Amino acid sequence: MEQNTQTDTIAVLDFGSQYSHLIVRRIRELCVHAELLRPDTSADRLAGFAGVVLSGGPQNLSESTALKADPKLYTLGIPVLGVCYGLQLIAHQLGGKVTAGNKREYGPVRVELSGKSELFKGLNTTALTSQKHHHPASEDGGTPPQLRRGEEGKKREELTWMSHGDQVTKIPKGFSVTGKSDACPIVAIENVEQKIYGIQFHPEVKHTEHGTKVLQNFLTIVGAKKTWNLGKNWIEAQVEDIKTKVGSGRAICALSGGVDSTVAAYLVHRAIGKQLTCIYVDTGMMRLGETEQIKKTFSKLPKLDFRVVDTEKEFLKALRGVTEPEKKRKVIGELFIRLFEKESKKLKGVNFLVQGTLYTDVITSGVSVGGKASVIKSHHNVGGLPKDLKFKLIEPLRDLYKDEVRLIGKELGVPEAIVNRQPFPGPGLAVRIIGEVTKAKLDTLRLADAIFREELITSGEAKGIAQYFAVLPDIRSVGVQGDARTYGHPIILRAVTTMDFMTADWARISTDTLAKVSARITNEVAGINRVAYDITSKPPATVEWE
Ligand code: XMP
């Protein structure tokens with residue numbers, strides 16, 4: 001693969017929209033490299049990029065604290081595309097005007113786009129006579145775009161997705177209006193000479209019918225090179241890199257059995273073979289059959305030094321009497337690190353640590369300017385090993401998104417079941433058992449969880465659901481089984497649909513499947529006499545119960 005240089009890369013400035021990452025991903029899907037950068041990245045730095053996209057954002061330009069781009073950006077001569085807040089920012093920073101609209105537009109909006117704009121090539125367009133506003137537009141916001149005489153009957157609209165209250169009411173000098181909607185006379189603007197474009201709708205979300213085409217057209221305007229091809233060439237380049245970096249040294253990898261650490265381990269194994277040791281700390285908190293699957297998967301890799309450390313007893317002991325969720329997470333996280341350190345000390349001459357860090361992990365720590373969110377849960381995963389382990393890090397996936405990692409995993413021959421594995425929290429089933437964790441409770445939950453997962457896969461419904469699992473709460477209820485009174489535990493089923501796990505909705509599982517799962521769990525899992533389905537979105541709930 002050609003090396004990605006900045007001159008082949010699109011910089012996406014993150015003004016805080018929940019879709020900023022999606023812009024980067026869509027551009028990468030079009031085989032062009034894109035990076036997410038801070039909104040205040042200097043124009044000097046941006047000058048090295050092929051093009052710049054200004055993302056949406058939750059702010060309001062009438063407030064003095066509103067985030068702005070370095071104004072010099074607009075004089076660099078590189079193409080700029082503003083999306084939503086990005087469009088408003090362009091208008092605001094170049095002498096136009098943004099005001100609170102009378103009508104808000106949220107959700108699907110039909111817009112008319114000008115057939116003359118390169119940005120809208122191949123879309124449903126109308127012959128909008130886009131007025132050039134060489135001089136300050138009139139106070140009423142400039143002449144709204146008109147249909148050309150005789151074209152009125154040929155109005156062709158595009159279905160887009162919007163989320164805005166403010167709107168551009170006066171465009172900057174040198175710009176023309178290239179789109180409008182019923183509620184908003186200025187939905188798109190451009191200055192072709194300066195290659196500056198702005199759109200009020202979100203091209204990155206799937207609900208905008210031809211959003212990808214708009215992004216493709218922008219990339220054509222940029223003249224961006226298609227250098228982002230994940231596949232054999234990417235893998236070969238990484239393998240060479242890792243070989244050079246490690247030389248005759250040794251590396252270890254803490255395997256969780258999840259997609260990221262497994263793919264990272266496969267990749268590093270391909271590069272350095274027996275110089276890699278993988279350590280799987282079996283906490284005893286995994287789902288049914290998972291540890292066996294991990295052992296089987298890794299036993300197939302030739303020459304790999306693969307070690308399983310059975311630590312179930314240590315974890316159960318440390319968790320004895322612990323009921324408070326945050327305490328539980330801390331106990332597990334700390335013990336995990338201690339046990340991993342103990343194992344790694346048994347190895348001589350190790351100087352590298354392999355981690356499955358993803359682009360989203362790298363970015364959340366440095367780019368977003370949304371301020372510090374309150375700690376809802378202290379996440380623990382094997383990627384969170386402390387840096388003072390005195391190893392140099394190898395993080396071959398740090399430029400990739402999860403779906404890109406899955407692609408690489410497939411290419412490397414990682415088993416489907418792992419490549420497509422749904423996310424699983426670092427502390428495992430411990431955060432799905434409310435109250436104290438015991439071996440008996442773990443076994444009960446494992447079985448109920450396996451039944452739920454099996455039935456969703458059998459019914460074909462699992463495909464549309466991001467995460468699904470069972471929870472064992474710390475309560476009991478009365479039931480009747482075989483004419484006798486029971487006093488057993490309930491099982492809560494949880495299944496969510498989500499794009500990014502920041503927000504989520506409960507999955508509308510068919511009642512047939514729910515009925516089957518309920519019957520099977522109450523019949524097959526001892527001590528369970530009731531099954532409930534969690535119908536809460538996030539917020540106000542979280543995905544996991546602890
Ligand atoms: P919540 O419960 O916060 O979960 O809505 C959002 C997503 O994060 C996963 N999760 C974790 N992942 N370590 C992880 O690696 C953790 O400690 C952890 N806790 C929650 C959760 O399964 C969901 O996918």
Side-chain angles (χ1 to χ4, degrees), residues 18 21 253-265 280-281 283-287 290 294 315 318-319 322 324-337 340 355-365 372-386 395 397-398 401-403 405-406 418 420-434 437 445-446 449 452-453 456 462 464-473 492-507 534-546:
Q18 53 177 324
H21 272 296
C253 174
L255 272 180
S256 71
V259 193
D260 312 337
S261 64
T262 303
V263 173
Y280 170 66
V281 177
T283 60
M285 317 274 163
M286 299 298 272
R287 290 169 293 185
E290 215 157 24
I294 291 160
F315 275 94
L319 286 169
V322 179
E324 205 275 314
E326 273 303 282
K327 177 100 191 288
K328 224 185 244 183
R329 283 171 172 273
K330 291 227 162 69
V331 167
I332 296 173
E334 277 164 26
L335 182 56
F336 189 93
I337 290 164
F340 182 73
Q355 300 212 113
T357 316
L358 299 190
Y359 192 55
T360 28
D361 305 327
V362 179
I363 288 302
T364 35
S365 51
K372 287 195 178 60
S374 69
V375 176
I376 313 286
K377 294 175 191 183
S378 33
H379 274 208
H380 144 72
N381 52 40
V382 290
L385 290 170
E395 299 179 312
L397 312 177
R398 60 182 286 122
Y401 283 103
K402 192 78 147 196
D403 42 358
V405 171
R406 292 202 161 108
I418 295 185
N420 296 323
R421 205 179 86 139
Q422 53 172 312
F424 186 61
L429 296 181
V431 293
R432 295 176 181 172
I433 290 173
I434 314 307
V437 178
L445 179 58
R446 248 191 287 270
D449 182 71
F452 185 34
R453 287 191 291 134
L456 277 181
I465 304 175
Q467 206 173 1
Y468 47 97
F469 53 87
V471 175
L472 181 62
I492 313 281
L493 306 175
R494 179 78 166 139
V496 295
T497 53
T498 175
M499 262 169 46
D500 53 10
F501 295 92
M502 304 292 283
T503 60
D505 196 7
W506 58 280
D534 181 349
I535 51 165
T536 331
S537 59
K538 171 182 178 177
T542 54
V543 175
E544 304 285 347
W545 270 48
E546 282 195 346

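None of these values were measured; they are calculated from a predicted model. For ligands, and for the atoms within them, numbers begin at 1 and follow the listed sequence. Starting from 1, each residue takes its place in the sequence as its number.
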Sidechain-backbone polar pair: Arg432 side chain, Leu472 backbone, donor-acceptor under 3.5 Å: no

Polar side-chain atom of Glu395 near backbone of Arg398 as donor-acceptor pair, under 3.5 Å: no

Glu290 vs Phe424, side chain to side chain contact (heavy atoms under 4.5 Å, CB included): CA-CA, chis, key distance, verdict: CA-CA 11 Å; Glu290 215 157 24; Phe424 186 61; 4.2 Å; yes

Proximal atoms of ligand 1 relative to Pro423 (non-hydrogen, under 4.0 Å): 24 (O)

Nitrogen or oxygen atoms of Phe501 and ligand 1 under 3.5 Å apart: no

Numbering as shown, the atoms of ligand 1 that approach Pro427 to under 4.0 Å (heavy-atom distance): 16 (C), 17 (O)

Exam field: side chain Arg406 to backbone Arg421, donor-acceptor pair closer than 3.5 Å: yes

Thr542 neighbourhood, listing ligand 1 atoms whose heavy-atom distance to it stays under 4.0 Å: 1 (P), 2 (O), 5 (O)

contact_flag Gln422 ligand 1 heavy-atom lt 4.0 Å: no

Check: Phe469 main-chain N/O paired with Asp449 side-chain donor or acceptor under 3.5 Å: no

Numbered atoms of ligand 1 (with element) below 4.0 Å of Arg329, judged on heavy atoms: 16 (C), 17 (O), 18 (C), 19 (N), 20 (C)

Intermediate values then yes/no, side chain to side chain contact (heavy atoms under 4.5 Å, CB included), Glu326 and Glu324: CA-CA 6 Å; Glu326 273 303 282; Glu324 205 275 314; 3.5 Å; yes

Within reach of ligand 1, part of Pro425 (heavy-atom separation under 4.0 Å): both

Any N/O pair Phe424/ligand 1 closer than 3.5 Å: no

